[in-house]
Amino acid sequence: MADQIKVAYWPGCVSRGFTPELHGSMALVAQKLGIELVELDRANCSGAGVIAEHNQELADTLNARTFALAQQTGLSMMNICSTCQGAQSECQQRLDADSGYRAHINEVLSGQGLSYEKSADGSWNNKNFLWLLVEDYGLDRLADQVKRPLSGLRVGPFYGCYIVRPKERLGYDKYPDRDIYLEKVIEVLGGQIVEYDGARKCCGFPVITMNRETSLTQAGTHVGDAIDAGADCLVTPCPLCHLNLDMQQPEAAKVVNRDLGLAVLHLPQLVGLALGATPKELGMNKHIASTKWVEERLTAVPA
Amino acid sequence: MADYTIKVRRYQPESGDPAYWEEFNVELDPSLSVLDGLLQAKDRDDGSLAVRCSCRAAICGSCGMKINGKSGLGCQTQIGEAQEAADKKASAVGGESEGNVIVIEPMGNQPVIKDLVTDMESTHWTKFRRVTPWLLPHGEPPEREYIVEPESMVDITQSMACIQCGACVSSCLSMEADPLFIGPAALAKAYRFVGDPRDAETLERLTDLAKDPHGIYDCTHCFSCVDACPKGVAPMDQIMRLRRKAGEHGIEDPNSGHAHEMAFVNIIEKKGTLDESLLLQESFAPGVLGKLMPSKRAIKEMIGSLPTAIRGIKTGKMRSLPKLIPGVHHKLPGGAQDDVKAIYKRAEESNIEFNLYIKGEEGDQEAAVEERLEPAAAPGAEEASNG
């Protein structure tokens, strides 16, 4: 009997805000996979890189608090957002680099009964669901759980900048294949990988309020390229990317002056479909870009 | 020695033909560079292959190029590693796990003059000149030199490391979408002067770059430039520092970039997690409930986001009250919100900017000292080099 995986779970802000289908599908998939999620309901926003822009020490302290809350449970941490991962890993790199700085940050946390401890051997870590699935859960184990292989479903991966750059602080020296994990997962779930230009590019979300044109040109171009490459859908481990690629898709279509209409799935939804969950259970009816085509593709090919 | 196939994007304007791919077989040790491979092909197969290069030691900045889609220096990329990257890319999508071609292209976001030589003048250097890249000091020059504390200049040594290779410009995804974006190289250079205590035009520089709609708030925050830079300049980090300083000087920009930053920061202080509707409203119309009047652009953006909001309501994404009405979002439970506020108070007072590039990791310094103190092994043994 394989080990039960239990993690301190940081669901992020957006999965409980504008992408509720992500929060729901993650809970469902964790249950099916046998991953126990201990939700950190008192934890705060990771800052998404925006707080660090304003005051770096503030971002480092806020994330140290989240890490400390996770460490209090005695469990490693899991998040479901590329942006949280990137923002938190950046802060963690600074916290781990210098004991004096770490002690300074821990001063204010100690007043709250918390302390962030550096784990030099990496025994305590913070991983997003994609990394956890491949590294801790295991692709073979995942393959065994597949009840409805996604045969014939052509899936384009969309990573989200914050888990593929900069490599030097995202653990690529230890795990060099982190930037092809989505391809591996698609393959194990029985889907067909679609290669297209935008897979590791930027969805444009960070500038959606500051330069709508730049933002939606990116989103529209990448969705368009995936359509031209024959994708039935995209899959992404980042809810912020999901907002720009799905929720803004009709607007993006206007900016790039072409019809789009490509379904964008959250990673737990893609996994959930292969585990036998229904599109409705996974909240796919809440998406802006219709997922009807994906549902048709899945029922067309016998399991 | 190993065999490699490099696939180079070629273009000769005088031929009248469009760009085309040409493959060359080269034979060299895996530890040699992609540039060495190109020069071998140029030497043995086709002397007309055009590539800029000079020092071959990652300091002159001449050989910027894209290798397997990634921007960097030809001389700093080992051909063995380039082969591994090409093989990984191919096998990830079901291709061969070895023997794949190494794809070499000219830098992006720049017109191509010939083969791998790009027109940096019209892009990189024009944007560079845009930020007034020279010192504008107070008054008359001193009789001898400007005296400044060394600590006051350490901050800008990261920007100073730039060798003007253009790899960051090549990789910039904002520039790909908006060619008018001033860009990472020029903005990193701008920080070199903004952070220089001898410069007298800090406020003017920041105002200029913040108010330009293709300026500091046009960066899409994608880290491509940080990843591409061979010198650790981290141009995106310098852009963020420019934003921070512009904010500290109270500069409001037409892109609502500073308002967005402040809205985010303030919302987390009050609520702990993000209230998206409030973020949108506060980015465009800060303190609209009684204080500032939103600008024309802000009103246009807010009305422009109504169709998106309506679609969200229709599909059921945004049905609960906290999501629809800005400000109704819950706080963190228990005393957690007060804990967050205490963190804010302390961080605002202390505001340390810990820069790893300058400080380095703790262990590194100790290791370097230990190396120097170790007795030499035997006559002729190599000595540990200084950092």
Side-chain angles (χ1 to χ4, degrees), chain A residues 13-14 16-21 41-42 44-45 47 49-58 60-62 65 93-94 97-99 101 104 108 111-112 161-162 165-167 177 180 183 193 195 201-202 204 206-207 209-215 217-218 221 247-248 250-251 285-288, chain B residues 88 92-94 173-174 177-178 213 217-224 226-227 240 243-244 247 255-257 260-261 264-265 268 272-274 276 280 283-284 301 304 307-308 311-312 315-318 323 332-334 336 339-340 342-344 346-348 350-354 356 359 361-362:
Chain A
C13 305
V14 179
R16 293 174 291 174
F18 281 9
T19 59
E21 67 279 1
D41 57 0
R42 288 168 51 221
N44 48 257
C45 177
V50 183
I51 294 187
E53 174 187 311
H54 177 76
N55 180 328
Q56 206 173 267
E57 183 180 334
L58 176 59
D60 291 351
T61 317
L62 287 171
R65 176 173 181 271
Q93 190 193 37
R94 283 191 289 265
D98 190 285
S99 55
Y101 183 61
H104 173 82
V108 64
Q112 303 166 8
C161 303
Y162 284 66
R165 290 182 292 270
K167 289 198 156 70
D177 284 354
I180 54 171
E183 278 90 334
I193 300 161
E195 209 187 337
K201 289 194 173 180
C202 186
V207 282
T209 55
M210 297 186 267
N211 191 325
R212 202 158 177 272
E213 189 83 16
T214 296
S215 178
T217 299
Q218 292 179 88
T221 303
M247 199 163 173
Q248 296 282 3
E251 300 298 315
N285 54 320
K286 294 208 165 81
H287 292 200
I288 303 302
Chain B
K88 176 177 143 182
V93 292
L173 297 176
S174 267
D178 174 15
Y217 291 105
D218 198 11
C219 166
T220 198
H221 218 292
C222 72
F223 303 97
S224 297
V226 177
D227 214 32
M240 297 305 133
R243 289 185 184 180
R244 199 177 308 145
N255 292 30
S256 306
H260 174 81
E261 179 189 306
F264 201 118
V265 168
I268 305 307
T273 58
L274 199 60
E276 290 116 326
L280 276 166
S283 298
F284 295 124
E301 289 282 335
T308 305
R311 285 182 200 113
T315 64
K317 257 177 185 272
M318 293 150 61
K323 291 176 200 175
L332 290 176
D339 289 344
V340 168
I343 288 173
Y344 266 76
R346 212 285 197 108
E348 261 144 42
S350 167
N351 205 347
I352 294 176
E353 196 198 323
F354 183 82
L356 259 178
K359 291 222 73 179
E361 286 203 32
E362 217 164 15

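Remember, it's a predicted structure, so these values are computed and weren't measured experimentally.
At a threshold of 4.5 Å between non-hydrogen side-chain atoms, the residues B/Ile343 and A/Leu62 count as touching. For the pair A/Glu21/B/Lys317, a side-chain contact is recorded, criterion being any heavy-atom separation below 4.5 Å from C-beta on. Between B/Ser224 and A/Arg165, some side-chain heavy-atom pair lies under the 4.5 Å cut-off. Using a 4.5 Å heavy-atom threshold, the side chains of A/Gln56 and B/Met240 count as separate. At a threshold of 4.5 Å between non-hydrogen side-chain atoms, the residues B/Asp218 and A/Met210 do not count as touching. No side-chain heavy atom of B/His221 sits less than 4.5 Å from a side-chain heavy atom of A/Cys161.
If you measure heavy-atom distances from B/Arg243 to chain A, the contacts under 4.5 Å come from the side chain alone. Heavy atoms closer than 4.5 Å to chain A are found in the side chain of B/Leu356, but not in its backbone. Contacts between A/Thr221 and chain B at a heavy-atom distance below 4.5 Å are absent for every atom of the residue. Neither the backbone nor the side chain of A/Glu213 comes within contact range of chain B; no heavy atom of the residue lies under 4.5 Å from a heavy atom of that chain. Using a 4.5 Å cut-off between heavy atoms, B/Ile268 contacts chain A through its side chain alone, with no backbone atom that close. With a threshold of 4.5 angstrom between heavy atoms, A/Ser215 does not approach chain B through any atom at all. The part of A/Arg65 that comes within reach of chain B is its side chain, from C-beta onward, which places non-hydrogen atoms under 4.5 angstrom from that chain. For A/Asp60, no part lies under 4.5 angstrom from a heavy atom of chain B. Both the backbone and the side chain of A/Ile51 come within contact range of chain B, judged by heavy atoms closer than 4.5 Å. Residue contact with chain B, scored on non-hydrogen atoms closer than 4.5 Å, involves the backbone and the side chain of A/Asp98 alike. When heavy atoms are compared at a cutoff of 4.5 Å, A/His104 approaches chain B by way of both its backbone and its side chain.
The CD atom of B/Glu276 sits 10.5 Å away from atom CZ of A/Arg16, with the distance rounded to the nearest 0.5 Å. Atom-to-atom distance recorded for B/Ile352:CD1 and A/Asn55:CG is 10.0 Å, nearest 0.5 angstrom. Here the straight-line distance linking atom CZ of A/Phe18 with atom OG1 of B/Thr308 works out to 10.0 Å at 0.5 Å rounding. A distance of 12.5 Å separates NZ in A/Lys201 from OG1 in B/Thr220, rounded to the nearest 0.5 Å. Note that CD of A/Glu57 is 11.0 Å distant from CD of B/Glu353, once rounded to the nearest 0.5 Å.
For the set B/Val93, B/Asp178, B/Leu274, the count of heavy-atom pairs under 4.5 angstrom toward chain A peaks at B/Val93. With chain A as the partner, the residue from B/Ala336, B/Ala342, B/Gly247 showing the most heavy-atom pairs under 4.5 Å is B/Ala336. For the set A/Glu53, A/Lys286, A/Arg94, the entry with the most heavy-atom pairs within less than 4.5 Å of chain B is A/Glu53. Per-residue counts of heavy-atom pairs under 4.5 Å with chain A were compared for B/Gly257, B/Gly334, B/Ser256; the largest is that of B/Gly257. Your options are A/Val108, A/Ile193, A/Thr19, A/Asn285, and the one with the most heavy-atom pairs under 4.5 Å with chain B is A/Val108. The residue among A/Val50, A/Asp177, A/Thr217, A/Val14 with the most heavy atom pairs within less than 4.5 Å of chain B is A/Val50. Comparing B/Pro213, B/Gly272, B/Pro307, B/Ser283 by heavy-atom pairs within less than 4.5 Å of chain A, the highest count is held by B/Gly272.
For the pair A/Arg212 and B/Gly304, the tightest heavy-atom approach, listed with the atom from each and the gap, is NH2-O, 3.9 Å. Residues A/His287 and B/Thr315 come closest through the heavy atom pair O-CG2, 3.4 Å. Taking both residues in full, the closest heavy atoms of B/Leu173 and A/Cys202 are given as CD1-N, 3.5 Å, listed atom of the first, atom of the second, then distance. Contact between B/Phe223 and A/Pro166 at its shortest, heavy atoms only, is CD2-CD, 3.8 Å. The heavy-atom pair separating A/Gln218 from B/Ala177 by the smallest distance is CG-CB, 3.8 Å. Looking at every heavy atom in both residues, A/Ala52 comes nearest to B/Arg244 through O-NH2, 3.5 Å.
Panel note: side chain A/Asn211, backbone B/Tyr217; no donor-acceptor pair is recorded below 3.5 Å. Here the side chain of A/Gln112 pairs a donor or acceptor atom with the backbone of B/Asp339 at under 3.5 angstrom.
The aromatic rings of B/Phe354 and A/Tyr101 sit parallel to each other, their planes meeting at less than 30°, with 60° as the upper class boundary.
Neither side chain, A/Thr209 nor B/Glu301, offers a donor N or O lying under 3.5 Å from an acceptor on the other.
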Original post:
Run the side chain to side chain contact (heavy atoms under 4.5 Å, CB included) check on A/Thr61 and B/Arg346 step by step: do they pass?
Top reply: CA-CA 9 Å; A/Thr61 317; B/Arg346 212 285 197 108; 5.6 Å; no
